[in-house]
Each structure stands twice: as structure tokens, then as C-alpha cells.
There are 2 protein chains.
Amino acid sequence: MPPPDSRSDYSETERQIFDAALDVFAREGRRGARMQAIADAADINKAMLHYYFRDKATLYEEVFTYTACQFMASFDASLKEAPTFAETLRVFIDGYVDFVRSNEACMRLMVQENLAGGTLLGQQMRKATDSGDAPPTILVDTIADAVQAGEIRPVDPDHTVLSVISTCLYFFVAQPTVQIMHPPAEEDWEAFVEARKDHLFDLIYHGLAPRE
Amino acid sequence: MPPPDSRSDYSETERQIFDAALDVFAREGRRGARMQAIADAADINKAMLHYYFRDKATLYEEVFTYTACQFMASFDASLKEAPTFAETLRVFIDGYVDFVRSNEACMRLMVQENLAGGTLLGQQMRKATDSGDAPPTILVDTIADAVQAGEIRPVDPDHTVLSVISTCLYFFVAQPTVQIMHPPAEEDWEAFVEARKDHLFDLIYHGLAPRE
DNA sequence: GCCTGGTTCAACCAAACGGTTAAAGACCTG
DNA sequence: CAGGTCTTTAACCGTTTGGTTGAACCAGGC
């Protein structure tokens, strides 16, 4: 399959546009985003957008496709094999939080698409599934295996994965709210993110570990 | 203080408009929403919007203020006193998930505002705080007290509350994605929500309970 | 009936927006 | 420097969108 990174053969200008578009779409949504705002953010003339990307729909589709691929790959990419389940969980949380942190705009765009109904999302996932890329079941399987092996309590793997994803993601989604309600997060967001990794592992690991 | 429900003295038509606006703003965002779409959803003429609410900004502000109040109140409203921490947690999860389920549009609007930068949000919170409504610290205090009493492990109350909120909220935010990745959620969403309550309590309770 | 208040609507307007174009600029090749 | 290609731009066009207005409608009181 072709690399999901459709930006590899982009020129400097194209990349500027792409990044700006991702940013604006992520903030304002596909409908709310103005082509002028994207042009301004990319520091180019508005006509350039239409030179490199035919129209708004094309630009959005390209940005969203890249984002969706990036996102689907992130689950498996963050999941590295480790001797114990505890280590596997720790590495996944660290990796996934880091991924979201360095792809905040991608994450926001994904949420925008969900808020808007997620029609493009289903389409994209079906396309990816048809071309052999299975959705991220590996993480679910890992949990299921750990249950089977008695390494963790008998929990529902699907729900558990959803809970892990939720806790790793949502505080980025609600970053403004979090920063208002929790001043330390405003003063030093990076430190807050690191502290959060520790807390999440601690909470979830103890939530899953067996009881004697 | 005045009741946060600014809709109490609304006429039938006003309420229709308000509900439609909330829905459209929640889906499309404050900028993406079209006045025509709101009018259509409310099943009235476009000019009526401007008769009852001066302009788009006013309409949005009114809708958002209501939503923000509703949301801030929901934390405390879902927190009922119970003899043990376990029961308190269970009741809170049930109540909060139910609140979000029956106020999905409110929740989506809140997320939209966060994605857009959350400027109005900070403004709103500052106004509420100044007028005596403290942000929901009660939940944080409950956790802190339980730690103090040795009912649960020594965890960071702020992070813990954020984790609880995340898990109760995010699966509603990402409902389309969840339904694609987990077919049972598509077939019977209500049942999925109920199952999720059980899972969340189980996971978080065991995550917090002391170890011998 | 007819006036008077509050509602509802179709038609309209100006501004904003997505998208086009023709021409100028930059840059290489000969 | 001449010719040609690839970039970049300002000005422009048609449509959509937020917002206005004046007329129709529909009570109820006189």
C-alpha cells in the first residue's frame, strides 16, 4: 500500500498551505473555515490555494484523508511489545499521548468530523478497511490476551480501550477548559501532560490489575 | 442569583428557535452554522430569528450562556451524598452520563467552543465565578476527602476528576467513530451507554480502591 | 366594520465568500 | 538577452449569507 503520508512529495509552499489548512479546519470546522483565513495563515495569496488545490472540498478531503490515516496508524504505532502488560500499557500511554500532543490539529479535525456527523469518517474507514488496513484491533487483542493470561481482571476489551483513548485524548480536546479549571496546566502545559501520563498509567493499571 | 435557565420565560416559538440553534451550532460550530439552516430546523421563516434574537452573535451568545451554565451545574447536580465512596462514585457516573446523554447538543457546543479556542468559555466562567458560582470543586473535594479518609489510594484529585469526566464524555463526542469501530454500539446505542456505565464504575473504582 | 397591537412572511440589499483570470514576475536554458 | 516555463499577484465575478423592510395577517376592543 502507498504510504499514508501524502505530503511526502509536497513542495515547501504546498506544505505551508496544507499545515495552515489543517490548522484552520481543525479550529473552525470544514464549513466554518474561510479560504481567506487559510491563505492568511499560510502567508500566501488566496489564489494560490486554488492553484495547488482545486477547491475547498478538494483541500479538505486531502487534509482529512491524511489526518484519518495518521490517526488510525497511531494506535498500532504507539503499541510496542513489552515483557509485561504493565510495561505495554505504560509505553502505549506515553506513546499515544505524545502522538496526540504533536498532532493536536489532526486530533481536533478528527473531533470536528465527529461533531459534524462523521459521514466522511465512515467512508474513509471503509476505504482503509477494504485496502487491507484493518482498524486498530491490535490494542483490543492485547487487552483480551492479558485477560486470557490472567494478567488483568476480566474486563471488556472494547470498553477498556475506549476508556484509555478517552483519557489520553479528552484533556487535549478540552484544553482551554482544563487550563481555566486547573491553573498549573495553564502555567506549564508540558509539565501537566507529563504528570497526566503518570496519573493515567497509575489509575488504569490499578483499575485492571487482578485482586487477590 | 437568577436561575441559569434563561429559557423559562420563552414563548413556544422562541423555544423552537433556541433548540434549533443549539442543534445547528453544536453540529456546525458558531461560524459554520447558517441562519437559514437554523430557521429551517426551527420550521420558521428566517426573518423570525432576527425578530426574536437581534443577530447571529446575540443568538449564539444566548445559546452558549445557557449551555455553559447547564454544564457547570451538571457536575454538582450529579454528585449526591452516599454512605460510601463507592456508592458516591457509582451515582455520579450514572447521573453524569445520563446528563450528557439527554444534553448531547449542549455537550457538542461546549466541545466546539473548546476547539475554537475557548475565549467565550473563559469569559463565561469568570462571570459565573464573580457572581458567586464557584466552578465545580465539590467533586474534587469529594475525592480529596476520600483520600484523606483512606477510602481510596492517594491519587491526585484534579487528575482523577478529569479522568472520570473524560471517560463519561468522550464516547459521546466520538459517537460516530465508536459506532463504526464497535458494531453493538451502532445496533443499540442505549444499551451500549448502560453497559458503559457499568464498565466505567468497575474500572475507576478498582483504579482507586486501596491495595492491601 | 375598523382600528390597533403583536406576528408572520416574501422580497430585497449589502457584504462576504469561493473561485477565476489575465497579466506581471522570477528563473532557468539556449 | 530572448524565449519559455513555472510562480505569484491584484482585480474581478457570481453566489451565498447575514440582516432589513414593508406589506399581509390575525387576534381582540370599540
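Predicted, not measured: the structure shown is a model, and the values here were computed from it. Throughout, a chain's letter reflects where its sequence line sits, starting with A, and its residues are numbered from 1.
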Does V155(B) offer a backbone N or O that forms a donor-acceptor pair with the side chain of D202(A) under 3.5 Å?
no

Donor-acceptor pair, D76(A) side chain versus I138(A) backbone, under 3.5 Å?
no

Nucleotide [N], atom [atom2] - distance to [atom1] of [X] in whole Å:
{"X": "I17(A)", "N": "dT7(D)", "atom1": "CD1", "atom2": "C1'", "value": "11 Å"}
{"X": "K56(A)", "N": "dT15(D)", "atom1": "NZ", "atom2": "P", "value": "18 Å"}
{"X": "D55(B)", "N": "dT21(D)", "atom1": "CG", "atom2": "P", "value": "14 Å"}
{"X": "L59(B)", "N": "dG19(D)", "atom1": "CG", "atom2": "C1'", "value": "13 Å"}
{"X": "F53(B)", "N": "dT20(D)", "atom1": "CZ", "atom2": "C1'", "value": "18 Å"}

Side-chain polar contacts of residues 165-176 of chain B - donor-acceptor pairs under 3.5 angstrom, sequence neighbours left out - could you list them?
residue, atom, partner, partner atom, Å
S166(B), OG, L162(B), O, 2.6
T167(B), OG1, S163(B), O, 3.1
T167(B), OG1, V164(B), O, 2.8

NA contact type, A33(B), heavy-atom cut-off 4.0 Å: base, sugar-phosphate, or nothing?
sugar-phosphate

Under 4.0 Å from a heavy atom of chain B: give me the 5'-most and 3'-most nucleotides of DNA chain C that qualify.
dT7(C) to dC17(C)

Aromatic rings Y60(B) and F64(B): how do their planes relate, parallel, tilted or perpendicular, breaks at 30° and 60°?
parallel

Kindly say if R30(B) contacts the phosphate of dG18(D), meaning a side-chain N or O under 4.0 Å from OP1 or OP2.
no

For DNA chain D, find the residues of residues 44-51 of chain A with a heavy-atom distance under 4.0 Å and give them by number; none if there aren't any.
N45(A), A47(A), M48(A), Y51(A)

Ring centers of H199(A), F192(A) separated by less than 6.0 Å
no

Set of side-chain hydrogen bond (donor to acceptor under 3.5 Å, both in side chains) partners for K197(A), sequence neighbours left out:
D98(A), E194(A)

Which atom pairs, one a donor and one an acceptor, fall under 3.5 Å between side chains of residues 182-189 of chain B and the rest of the protein, sequence neighbours left out?
residue, atom, partner, partner atom, Å
H182(B), ND1, D158(A), OD2, 2.9
D188(B), OD1, E190(B), N, 3.4
D188(B), OD1, A191(B), N, 3.1

Show every side chain to side chain donor-acceptor pair (under 3.5 Å) that has at least one partner inside residues 38-52 of chain B, sequence neighbours left out.
Q36(B)-D40(B)

